[in-house]
Undergrad: 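Sharing a structure here in structure tokens format.
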Amino acid sequence: MIRFVARRIATSAIAVFGVVTIIFVLARLVGDPVALMMQPGMTRADVAALRHGLGVDEPIPQQYFHFVIGALHGDFGISPWQSRPAFGLVMDRLPATLQLTVAALGFATVFGIALGTMAAARPGSWIVRLCDAISMTGQAMPNFWLALMLVLLLSTTLRWLPPAGYGHIENLIMPTLSLGLFAMSRLARLVQSELEAALRQDYVRTARAKGLSEPVVLLRHALANVAIPLVTVLAVDFGLLMGGAVVTESVFAWPGVGRLLIQAIGQRDFPILQAGAFVIATIVVMTSLIADLAYAVLDPKIRHA
Amino acid sequence: MPEIVADNALSAPLPRRVSTLPWGRIWRGIRLSLNPVYIAAAFLTVLVGAAIFAPWIAPFDPLQGDVLSNLAPPGLDDSAGPPHLLGTDMLGRDVLSGIIFGARISLIVGLSSVIGAGLIGSALGILCGYFRGMLDEVLMRLVDIQLAFPFILLAIFIMYVLGQGLGNVVTVLVIASWPIYARIARAEAMRLREAEFVEAARALGAGHTRILLRHIAPNATQPLIVIATSAVPQMIIFEAALSFLGIGLPPSEISWGSLLAAGRDYLEQAWWIATFPGLAIMATVLSVNVLGNRLKQRLDPRSRHL
């Protein structure tokens, strides 16, 4: 168990390091930030000073060395455009992104499990067909299009919700729905099929034979066993939602990390790109690490392996 | 099970009735043709046909706008030339023609990126699973790295490096999606290399190349095909997302994503610009998924209940 955990932590750290390195290289391939910052009337010496100030006059291996040393100390450099530490800028935006992804994941979890369970409880009924229809269409809609359609319906036509913005609960509804529907649909389908398989198991027959009521059998016995694989799926979904949030943030003018990064790519703001990549990769990796550990703790077969 | 009871009730002999038309057979025919699998297959056939014959089918040149008829609503109004069935955009370009031409891009991107990523990922995965060792260690760390960073963000970064363009979009999607195939192919190869028929081949003196190509690869294809089928719609959506963010295809190439993005600023005045391209994406994804599910059921009897 300790070996498993140690190995898992080591590979996670390598993954984060790898992501940051790849983004370091890709950022430098995007272009030279100085070219965007030059102003008319600057002398050659001014440009050299600017270059030196950004640290981009060094050879790339040396830049990388300085970057790694700084990053290990939590220092990702200063954004040349915003003149503030890049790590702080990313962390300022993180709550908005987390608010959106956690809300979407919560929506997906609650409605996905509810829908899937109802469908599995009544095989062959209209609920199964409803669950099928929702999960098929939900998985077929691109989240940015769904976002636009929600704006069209709820803001432009019905005028119930503000089309964009941040800070109030009514601002959160459409971003959550458009980001979470895909995950919700997939989860509903998964819960339904897993539950149907679980309900055919011997322990369910035993539970029914004991005279337990159907809700108890369904929730306490079958669903509890399905919950374990769900943890892994939810962790993977969280990573996907972090990615999907980039697009959702751009539709709803949501002040999250994704929009900051897209802006930073355009401005070739290396410190923000590197800090952002580090933060996102760390969150994604930590989530899957926690899920794996939870899985190991929940499932005795793995715990004792 | 209740469905079986219902089916029996339907197929029970109907009371004799004087009728000029065989209603029973017609009704059964309608029910049969409403089968989602047939509808999906029909839609995809029409879509592929439209993509291939786009220049002959599309009522207008999708890039040539007519400013006099800009933001025309969908309808059959033919007072000013042929009607714009699905309306026009802010430059007076016909939305329906855009969707027909956009189908080409979406299908090309979806199919070629899946084929590219599938071949590369499967080949690497099979090699890793068969030989294990250093190569396997390195490649699996690479997969971990990619899974630690959201696909779409990575794709955005690479698009900025490569620049807009059809080939570059496909390249980005291949780079971003090969790990899925590598993981599955690796697992299959690890399972198969211990199989008895592989051992038998080895005992008969077969070399690694022969074992990999004749014994392992053919037996590993089924799960890979299932994954690839469900990846096609995902790639279509990712292309649309990149074009929606303005970094996928240049404006000279029409795609469903760029059409949709163009409608974003006109939601109030012209709902149809953003709505119809999205419906096209949705119908395509839905159809591929319906057929993909059927394929999965055919290939794997255990997943009949999924």
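Fair warning: this is a prediction, and the values are worked out from it, not measured in the lab. Residue numbers start from 1 in every chain, and the chains themselves are labelled A, B, ... in the order their sequence lines are given, proteins ahead of strands.
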Undergrad: If you define the side chain from C-beta out and look only at heavy atoms, does anything of B:P150 sit under 4.5 Å from A:V246?
TA: no
Undergrad: Pick one of side chain, backbone, both or neither for B:F244, based on which atoms fall under 4.5 Å of a heavy atom in chain A.
TA: side chain
Undergrad: Check the surroundings of atom CZ in B:R132: do more than 12 heavy atoms from other residues, nucleotides or ligands lie under 6.0 Å from it?
TA: yes
Undergrad: Measuring from atom CG of A:L152 to atom CD of B:E268, what distance do you get when rounded to the nearest 0.5 angstrom?
TA: 9.0 Å
Undergrad: How would you list, by chain and number, every residue that makes a side chain to side chain donor-acceptor pair (under 3.5 Å) with A:R268, sequence neighbours excluded?
TA: none
Undergrad: Mind checking the CD-OG1 spacing from B:E137 to A:T11? Nearest 0.5 Å is all I need.
TA: 9.5 Å
Undergrad: Grab the two heavy atoms, one from B:L245 and one from A:S250, that are nearest each other, plus how far apart they are.
TA: CD2-OG, 3.6 Å
Undergrad: Using non-hydrogen atoms only, which part of A:L240 is less than 4.5 Å away from chain B: side chain, backbone, both, or neither?
TA: neither
Undergrad: If you count heavy-atom pairs within less than 4.5 Å of chain A, which of B:I236, B:T275, B:I281 leads?
TA: B:T275
Undergrad: Under a 4.5 Å cut-off applied to non-hydrogen side-chain atoms, are B:F157 and A:L273 in contact?
TA: yes
Undergrad: Side chain, backbone, both or neither: which part of A:L26 has a non-hydrogen atom closer than 4.5 Å to chain B?
TA: both
Undergrad: For a 4.5 angstrom cut-off between non-hydrogen side-chain atoms, does B:Q269 reach A:T156?
TA: no
Undergrad: Name the member of A:I23, A:L261, A:T282, A:V285 that forms the most heavy-atom pairs with chain B at distances under 4.5 Å.
TA: A:I23
Undergrad: Taking C-beta and beyond as the side chain, do A:I14 and B:D144 meet within less than 4.5 Å on heavy atoms?
TA: no
Undergrad: Which pair of heavy atoms, one from B:L286 and one from A:M136, lies closest together, and at what distance?
TA: CD1-O, 3.3 Å
Undergrad: Identify which part of B:Q146 has an atom lying under 4.5 Å from any heavy atom of chain A, answering side chain, backbone, both or neither.
TA: neither
Undergrad: Among B:L267, B:L147, B:L153, B:I237, single out the residue with the greatest number of heavy-atom pairs under 4.5 Å to chain A.
TA: B:L267
Undergrad: If I take atom CD1 from residue B:I158 and atom CG from residue A:L29, how far apart are they, to the nearest 0.5 angstrom?
TA: 10.5 Å
Undergrad: Under 4.5 Å between any side-chain heavy atoms of A:V16 and B:F149, yes or no?
TA: no
Undergrad: Please classify the contact of A:M149 with chain B as side chain, backbone, both or neither, using a heavy-atom distance under 4.5 Å.
TA: side chain
Undergrad: Can you see which heavy atom on A:V19 is nearest to which on B:I145, and at what distance?
TA: CG2-O, 3.3 Å
Undergrad: Is there a side-chain contact (heavy atoms from CB on, under 4.5 Å) between A:R28 and B:V161 once you walk through the steps?
TA: CA-CA 9 Å; A:R28 272 146 192 84; B:V161 175; over 6 Å; no
Undergrad: Within residues 138-147 of chain A, which positions have a heavy-atom distance to chain B below 4.5 Å?
TA: A:Q139, A:A140, A:M141, A:P142, A:F144, A:W145
Undergrad: For each of A:A277, A:G239, A:S288, tally heavy-atom pairs with chain B at distances under 4.5 Å, and name the one with the top tally.
TA: A:A277
Undergrad: Which bit of A:S155 comes within less than 4.5 Å of chain B, counting heavy atoms only: side chain, backbone, both or neither?
TA: neither
Undergrad: So which part of A:F182 gets closer than 4.5 Å to some heavy atom of chain B, the side chain, the backbone, both or neither?
TA: side chain
Undergrad: Could you measure the distance from the CG atom of B:L154 to the CD1 atom of A:I280? Nearest 0.5 Å is fine.
TA: 11.5 Å
Undergrad: Which heavy-atom pair separates B:A148 from A:V284 by the least distance, and what is that distance?
TA: O-CB, 3.6 Å
Undergrad: Is it the backbone or the side chain of B:V290 that comes under 4.5 Å from a heavy atom of chain A, or both, or neither?
TA: both
Undergrad: Does atom CZ of B:R183 have more than 12 heavy-atom neighbours, drawn from other residues, nucleotides or ligands, at distances under 6.0 Å?
TA: no
Undergrad: What closest approach, in Å, do A:L148 and B:A274 show between heavy atoms, and which atom pair accounts for it?
TA: CD1-CB, 4.0 Å
